[in-house]
Amino acid sequence: MAEGGKTPYDVFRKMILPQLTAALGKEPTFTNVTDFLLADDLITEQQLDSIKSKSNLSDQKRGSEVAHRLREKIRNHDDPAKCLLQICDIFEDEDVGSEVLKKHGATMRSKIEETPKASRSDPIKAQPTVPVSSGTTAVSSRFRSVSNRLENAISSCLTGVVGKLYAPGLISLDLKDEMINSHDIPSKKASKLVSELQRTLNNDKHPETFLNDVCKVLKEVGEKPITDIANELGTTAASPVSCPEEISKRNLGIEDVETVTTVLNKALFGATKWVDLGLKLGLLMPRLNVIGEGGGDAYKHLRVTIEAWLEGEDNVTSRTWQTLIDAVEGTGDRAAAERIPKKLKTLYNITL
């Protein structure tokens with residue numbers, strides 16, 4: 001149990017310390033983090049504009065403003081634990097580039113994932129248990145099938161394994177310290193480490209990606225028994241996309257709308273540029289006018305625009321990932337265009 005079964009709201013509130021808020025409010029971290037928060041609907045444009053409009057704010061005070069919005073988001077969220085884990089994902093993201101936020105994100109993640117399900121929601125709202133998807137179950141079972149062998153293999157080189165897993169944020173700082181400083185015998189610590197990896201895998205939004213990251217790190221240890229296990233897991237690891245090589249080349253269809261919109265959001269493409277993107281993809285202005293008149297915000301308009309593109313409307317001639325990348329760059333957002341291949345690889349194991 002995490003510190004007496006504290007709620008996600010309590011876990012985050014306890015982490016709002018001067019070091020965190022100062023890092024959160026300092027550029028370029030402030031812009032990087034808030035871009036991700038906007039993309040994941042964890043903060044609104046109005047809230048962000050309100051923060052930016054307050055002149056002469058110190059880094060710490062500006063960071064405190066963001067932290068306050070996030071704290072209230074967690075309090076009012078239908079699934080506070082999921083909300084906090086989303087925030088942890090952002091804090092630990094390489095594109096944010098803050099070691100302070102990465103450390104705090106890992107600490108919060110470890111605390112919330114140690115909390116029993118009955119205690120993970122805010123006491124204001126009791127939430128039903130979210131079922132584990134069949135994809136997560138399959139990946140979890142695959143990892144569990146090699147857990148005993150993995151424990152035996154890593155027990156003789158535990159310090160090296162722990163260091164490799166911690167560097168990319170696959171385990172928390174607290175777990176790393178426990179593995180290094182605990183007086184338990186190596187086999188017992190190895191068992192605890194594998195169990196924690198199993199728990200993280202079960203709770204991860206993209207379990208296949210997490211498993212692939214773990215396998216990559218295990219191979220870097222350079223011990224043949226560990227490498228053999230990692231190769232065994234890697235050759236059977238399933239991607240969320242059934243045929244990544246095929247989907248990277250073929251025309252996309254309407255069944256890919258969730259994948260496309262997720263990648264655009266994670267690549268930090270600005271939804272307000274939906275009209276420019278639609279034109280670059282081959283849609284005509286009359287259709288885009290209808291989309292704009294249909295109500296909703298920029299994110300809804302962007303999604304409908306992508307749906308029209310995937311259905312081959314108007315002058316659309318190509319519906320590949322490269323077409324999307326070129327169109328995004330054509331809107332002037334070269335940075336987002338450059339992020340798309342990376343996000344495709346990270347989220348769906350698609351290599352262009």
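Values reported hereafter were calculated over all heavy atoms of this structure, with side chains retained and with hydrogens, waters and symmetry mates removed.
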Within a strict 4.5 Å, meaning less than it, do heavy atoms of the [X] and [Y] side chains meet?
X	Y	answer
I306	L277	yes
F91	V100	no
L324	W321	yes
L218	V214	yes
I51	V66	yes

Which residue pairs pass the side-chain hydrogen bond (donor to acceptor under 3.5 Å, both in side chains) test with at least one member in residues 148-168, sequence neighbours excluded? R149-E232
Does [X] pair with [Y] as a salt bridge, N-O distance under 4.0 Å?
X	Y	result
K189	D184	no
E65	R69	yes
D276	K280	no
R334	E338	yes
K52	E45	no

What residues, two or more places apart in sequence or in another chain, satisfy side chain to side chain donor-acceptor pair (under 3.5 Å) together with D93? none
Sequence-distant partners of E92, side chain to side chain donor-acceptor pair (under 3.5 Å), two or more places apart: R109
If I compare all heavy atoms of [X] with all of [Y], which pair ends up nearest, and what's the gap?
X	Y	value
E223	C157	CG-SG, 3.9 Å
L70	L42	CD2-O, 3.9 Å
I74	C83	CG1-SG, 3.8 Å

Determine whether S110 and L175 satisfy the following criterion, side-chain contact (heavy atoms from CB on, under 4.5 Å), listing intermediate values before the conclusion. CA-CA 8 Å; S110 67; L175 181 58; over 6 Å; no
Please report the C-alpha distance between T323 and T320 in whole Å, then the side-chain angles of each, then the deciding distance to 0.1 Å, and finally whether the side chain to side chain donor-acceptor pair (under 3.5 Å) criterion is met. CA-CA 5 Å; T323 303; T320 66; 2.9 Å; yes
Sort out for me which residue in K266, K102, K343 forms a salt bridge (charged side-chain N to carboxylate O under 4.0 Å, His left out) with D95. K343
Salt bridge (charged side-chain N to carboxylate O under 4.0 Å, His left out) between E178 and K192, worked out: CA-CA 10 Å; E178 180 182 348; K192 172 69 179 294; 3.0 Å; yes
